[in-house]
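Both ligands and their constituent atoms are indexed starting at 1 by order of listing. The first residue in the sequence is number 1, and the count goes up from there.
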Amino acid sequence: MDQKIFIKTFGCQMNEYDSNRIYDAVKKIGYEKTDKYENAHCYLLNTCHIRDKAKEKVYHEIGRVKKIFRSKNKPLVIVAGCVAQAEHEEMLKREPYIDLVLGPQAYHKINDTILNYQNEKNKQEETEFDAITKFEYLSKIKNQTSKISSFLTIQEGCDKFCHFCVVPYTRGPEYSRPFDQIVNEAKQLVKNGSKEIILLGQNVNAYNFENFRLSNLILELEKLSGIERIRYTTSHPKDMTDDIINVYKSSKKLMPLVHLPVQSGSDKVLNLMNRNHTIKTYLEIFYKLKKINPNIEFSSDFIIAYPGEDENDFEETIKLIDEVKFINSFSFIFSPRPGTVAANFPLIDKKKSMERLEIIQQKLFNNQINMNKKLENKTIKALVENRTDDKTKLFARSEYMTSVLFNGSDDLIGKVVKVKIKNSNRNTLFGEAIENQNQKVA
Ligand code: SAM
Ligand code: SF4
Ligand code: F3S
């Protein structure tokens with residue numbers, strides 16, 4: 001059987017990881033990955049529900065697929081991911097072009113569901129939460145990702161129920177994968193050529209498998225000689241325990257960029273959001289880490305114009321940004337999500353919200369620009385991932401995840417290279433590879 005599958009992925013890195021694992025799984029029933037969507041026999045949308053009109057976007061996307069395949073055979077259409085989980089009851093009824101609906105904890109059933117559909121034309125939705133079985137199943141299928149920097153999901157779901165967030169409803173309760181299962185998968189990724197592992201979870205620092213925590217996992221993974229760099233995302237301040245903070249003292253491979261979403265600089269707003277931490281505790285984490293290594297930098301997520309945020313609260317967020325000098329962050333206006341506590345809270349005026357977002361983003365962008373400017377004429381270490389699309393330059397990442405472009409040969413791909421930075425803009429550092437590898441590195 002020569003069947004092709006195309007997956008369009010929306011949302012977070014966990015969806016990206018899932019899409020790669022779906023490609024690995026459906027190989028077993030004869031589906032090969034294709035990047036040419038118009039040739040696909042199976043078109044899968046891996047969806048995200050976090051903001052805006054997520055549901056409508058999916059139906060819009062299905063409309064596009066219909067158009068693409070107007071004069072061809074209809075592909076098997078699968079909707080997976082967080083919108084599938086949230087909206088499964090109405091999807092098959094509302095849009096007959098959809099054949100199968102699969103929630104994020106049901107991917108172990110994908111092959112049976114597809115085969116069943118092929119044999120019986122039975123439209124199906126699979127949306128129960130069964131993370132244990134999912135990962136047991138996926139761990140028996142080789143992870144074929146062969147990127148220099150690879151994602152590895154170690155934890156799924158969330159029990160925190162922030163009032164704005166759909167994740168506890170779409171991904172289910174917190175679940176940590178068995179320690180050995182993760183180490184084995186990391187070894188496979190190293191065999192495939194990965195040099196950097198990015199550990200993933202909706203609350204990755206809540207990882208706890210039989211009292212093995214994220215800190216234990218980082219120290220275990222760095223024993224693998226093929227691994228050059230370790231990162232993890234995304235964390236909650238409440239789970240940033242001292243063992244994780246102290247791992248920055250002992251680890252040689254953990255990168256000095258801490259992505260620690262704070263959402264707001266105001267305790268009042270944090271309380272309204274049900275975040276369960278204060279700015280004081282957030283700053284304690286920041287200063288403990290800075291004391292361990294002053295080169296550690298922070299990035300974050302911000303929700304602007306959360307219901308109840310007044311001018312004073314907004315000023316406090318600005319104050320926090322000035323204090324921490326986040327080098328790279330995501331910021332969005334609050335988007336009411338169906339089924340969450342904040343869904344029906346009175347919204348802040350749209351114009352005011354936009355004004356606040358622009359001020360915050362300008363500040364965050366300036367931090368990014370300043371950070372990159374500081375690196376000009378310095379030598380940094382960059383892990384080379386591949387070539388730029390136009391093939392003219394090597395594409396690498398700094399320790400802080402910033403893109404680094406420079407001239408060089410393909411044999412540098414997969415290596416950590418010293419690069420002297422000549423120039424920069426907000427998102428990119430431009431440099432030259434250093435011949436003399438003994439030069440001082442920033
Ligand atoms: N678990 C992480 C934490 O607690 O910080 C966040 C995971 S969530 C998938 C990623 C980000 O989406 C959040 O940090 C938040 O900034 C943003 N987000 C979630 N719900 C949102 C909403 N209703 N409106 C705007 N942004 C939202
Ligand atoms: Fe969402 Fe993160 Fe809050 Fe969980 S901790 S509800 S994933 S924002
Ligand atoms: Fe979106 Fe689900 Fe990730 S809602 S951000 S794809 S966990």
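Neither the backbone nor the side chain of Thr234 comes within contact range of ligand 2; no heavy atom lies under 4.0 Å. Counting heavy atoms closer than 4.0 Å to ligand 2, residue Phe164 contributes side-chain atoms (C-beta onward) but none from N, CA, C or O.
Close approach of ligand 1 to His236 is summarised as follows: ligand atoms under 4.0 Å from at least one heavy atom of the residue are 4 (O). Against a heavy-atom cut-off of under 4.0 Å, Pro168 is close to the following atoms of ligand 2: 6 (S). Interface atoms of ligand 2 facing Lys160, defined by a heavy-atom separation under 4.0 Å, are 5 (S).
The protein heavy atom nearest to atom 6 (S) of ligand 2 is Cys162 N, 3.3 Å. Scanning all protein heavy atoms for the shortest distance to atom 1 (Fe) of ligand 2 gives Cys165 SG, 2.3 Å. Scanning the protein for heavy atoms near atom 2 (Fe) of ligand 3, the closest one is Cys82 SG, 2.2 Å. Scanning the protein for heavy atoms near atom 6 (S) of ligand 3, the closest one is Asn15 ND2, 3.3 Å. Closest to atom 4 (S) of ligand 3 among all protein heavy atoms lies His49 N, 3.2 Å.
Put simply, part of Arg275 is less than 4.0 Å from ligand 2, judged by heavy atoms. Using a non-hydrogen distance threshold of 4.0 Å, Arg275 registers as a contact of ligand 1. For Arg171, the heavy-atom gap to ligand 3 drops under 4.0 angstrom.
Atom 2 (Fe) of ligand 3 has no N, O or S atom of Cys48 inside 2.8 Å of it. Residue Cys158 does not count as close to atom 1 (Fe) of ligand 2, with no N, O or S atom under 2.8 Å.
Between the side chains of Thr9 and Ser19, at least one donor N or O lies within less than 3.5 Å of an accepting N or O.
With respect to Glu128, the side-chain hydrogen bond (donor to acceptor under 3.5 Å, both in side chains) criterion is satisfied by exactly one of Gln105, Lys109, Gln85: Lys109. Residue Asp18 is tested with Leu200, Asn46, Ile7 for a side chain to side chain contact (heavy atoms under 4.5 Å, CB included); the sole match is Asn46.
Taking distance alone, with nitrogen or oxygen atoms compared against 3.5 Å, Arg337 stays at or beyond that limit from ligand 1. Remark: ligand 1 and Gln263 share an N or O pair separated by less than 3.5 Å (distance only, no angle test). Ligand 1 has no nitrogen or oxygen under 3.5 angstrom from a nitrogen or oxygen of Pro336.
Salt-bridge check for Glu323 with Lys319: failed, with every basic side-chain N at 4.0 Å or more from each acidic carboxylate O.
Heavy-atom neighbours of Lys142 NZ from other residues, nucleotides or ligands within 6.0 Å: at or below the threshold of 12.
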